[in-house]
Engineer: 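Pasting in a structure now, in C-alpha cells, and then I'll have a few things to ask.
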Amino acid sequence: MAINFNKAEFVLSAVKQSTFVRDGKPQVTFAGRSNVGKSSVINRLVNRKNFARVGATPGKTSQINYFLIDKQIYFTDLPGYGYAKVSKDERDRWGVLMENYFQESGLITLGVLIVDARHKPTADDVTMCDWFKGTGCPLIVVANKLDKLKKREVEPNLQVIRDTLELNDDIPLVPFSAEKGDGKAEVISLIQQFCQK
C-alpha cells in the first residue's frame, strides 16, 4: 500500500473527546512545542506550503486537527505545548484534551515527537515523550531545524536529545529540516512502514 503524501485534505478540528476520529484508519500523531515548527514539518511531508496552518502566534492551535492523507491514513496534529502566554484555563483545557486523547486506546498508530535539534529537550518534551511511550505505540523523534546547526554540532546534539528523552535504540531519531527537506524521505518511509503493520 503506497501512500501518496501529496494527496492531503483537512478533515476536522476536535475540541473535545466526543469528536475524535475513530474510523479505524491508522493515525500518525504529531506533537511538539509551540515554536518547534510542527506545522512546517507537516507541510514539508505533504509538499504544501500553508497546509497545516503556521501560526503567527505560538500556542494558537488548541484543538486536535485531523488531515486525511491519500484517503488511507490520518496526520493528527496535536496542539503545541509549553507556551507561556496561554491562559491557565486554556492550559487546563489543553491538558484534559491531551489526557483523553492519550488514554483512549486504539487512536494512535504512530507517534511523531518533534523537538528542536539546537537545544536540549525541555521538561515538556520529556513529558510528551513519556506519554507516547506509555501508549505502547511506536514512536519517531524528529529533530527539526537541522539547517540551523553547524555540521560538527549535529551528532553531539542528537546524542543529548537521545539521552534526555531516554530513547531506546529501536526509537528512530531523524535529523530534519522543514526548511530544506533533509530527513523527509526517511520520515515518510518510517510512516509507511509503521502504518502498514
Engineer: In Å and rounded to the nearest 0.5 Å, what is the CG to SG distance from L113 to C129?
Structural biologist: 5.5 Å
Engineer: For K148, does the NZ atom have more than 12 heavy-atom neighbours from other residues, nucleotides or ligands under 6.0 Å away?
Structural biologist: yes
Engineer: When you measure from the side chain of N43 to the backbone of F51, do you find a donor-acceptor pair of N or O atoms at a distance under 3.5 Å?
Structural biologist: yes
Engineer: Name the residue from V126, N157, V160 that meets the side chain to side chain contact (heavy atoms under 4.5 Å, CB included) definition with K120.
Structural biologist: V160
Engineer: Quick check: closest heavy atoms across K38 and L78, and the distance to 0.1 Å?
Structural biologist: NZ-O, 2.6 Å
Engineer: For a 4.5 angstrom cut-off between non-hydrogen side-chain atoms, does V115 reach V141?
Structural biologist: yes
Engineer: What I'd like to find out is whether the side chain of I73 reaches to under 4.5 Å of the side chain of I191, using heavy atoms alone.
Structural biologist: yes
Engineer: Just distance, no hydrogens or angles: give the donor-acceptor pairs under 3.5 Å from side chains in residues 166-183, sequence neighbours left out.
Structural biologist:
from, atom 1, to, atom 2, distance (Å)
S177, OG, D147, OD1, 2.6
S177, OG, E179, N, 3.4
S177, OG, K180, N, 2.9

Engineer: Please determine whether side-chain hydrogen bond (donor to acceptor under 3.5 Å, both in side chains) holds for the pair D163 and Q159, giving the CA-CA distance in whole Å, both sets of side-chain angles, and the decisive distance to 0.1 Å.
Structural biologist: CA-CA 6 Å; D163 293 345; Q159 194 55 54; 2.9 Å; yes
Engineer: Return the minimal non-hydrogen interatomic distance between I3 and Q72, and the atom names on each side.
Structural biologist: CA-NE2, 3.9 Å
Engineer: Considering non-hydrogen atoms only, spot the tightest contact between V21 and Y66 and give its length.
Structural biologist: N-OH, 3.2 Å
Engineer: M128, V96: one ILVMFWY side-chain cluster at the under-4.5 Å cut-off?
Structural biologist: no
Engineer: Centroid separation under 6.0 Å, is that true for the rings of F102 and F132?
Structural biologist: yes
Engineer: Roughly how far, to the nearest 0.5 Å, is OG of S105 from CG of L107?
Structural biologist: 7.5 Å
Engineer: Rounded to the nearest 0.5 Å, what separates atom NZ in K71 from atom NZ in K25?
Structural biologist: 8.5 Å
Engineer: Do E153 and R118 meet the salt-bridge criterion of a basic N to acidic O distance under 4.0 Å?
Structural biologist: no
Engineer: Taking all non-hydrogen atoms of both residues into account, name the closest pair between R152 and P156 and its distance.
Structural biologist: O-CD, 3.3 Å
Engineer: Go through the steps to decide whether I64 and S13 satisfy the test side-chain contact (heavy atoms from CB on, under 4.5 Å), and finish with yes or no.
Structural biologist: CA-CA 5 Å; I64 298 176; S13 294; over 6 Å; no
Engineer: Take Q196 and F194, measure what side-chain contact (heavy atoms from CB on, under 4.5 Å) needs, and give me the verdict at the end.
Structural biologist: CA-CA 6 Å; Q196 287 169 353; F194 284 116; over 6 Å; no
Engineer: Decide whether Y101 and T29 meet the rule of one side-chain donor and one side-chain acceptor closer than 3.5 Å.
Structural biologist: yes
Engineer: At what distance, to the nearest 0.5 angstrom, does CG of L97 lie from CG of D92?
Structural biologist: 12.5 Å
Engineer: Between CG of L110 and CD of Q193, what distance do you get to the nearest 0.5 Å?
Structural biologist: 9.5 Å
Engineer: Counting only N and O atoms by type, is there a donor-acceptor contact under 3.5 Å from the side chain of R48 to the main-chain atoms of A8?
Structural biologist: yes
Engineer: T76 and N65: side-chain contact (heavy atoms from CB on, under 4.5 Å), yes or no, with the steps?
Structural biologist: CA-CA 6 Å; T76 311; N65 291 320; over 6 Å; no
Engineer: Evaluate R44 against V41 for side-chain contact (heavy atoms from CB on, under 4.5 Å), listing each step before the verdict.
Structural biologist: CA-CA 5 Å; R44 172 59 75 176; V41 170; 5.7 Å; no
Engineer: Ignoring hydrogens, what is the shortest heavy-atom contact between R33 and D116? Give both atom names and the distance.
Structural biologist: NH2-CB, 4.1 Å
Engineer: Only one of F75, F30, F5, F10 passes ring-ring contact (aromatic ring centres under 6.0 Å, His included) with F67; say which it is.
Structural biologist: F10
Engineer: Could you tell me whether the side chain of Y74 reaches within less than 4.5 Å of the side chain of T109, counting heavy atoms only?
Structural biologist: no
Engineer: Out of D125, D124, T127, which residue meets the side-chain hydrogen bond (donor to acceptor under 3.5 Å, both in side chains) rule with Y81?
Structural biologist: D125
Engineer: Search all heavy atoms of V15 against all heavy atoms of Q63 and return the closest pair with its distance.
Structural biologist: CG1-CB, 3.6 Å
Engineer: Distance from I114 atom CD1 to I42 atom CD1, nearest 0.5 Å?
Structural biologist: 6.0 Å
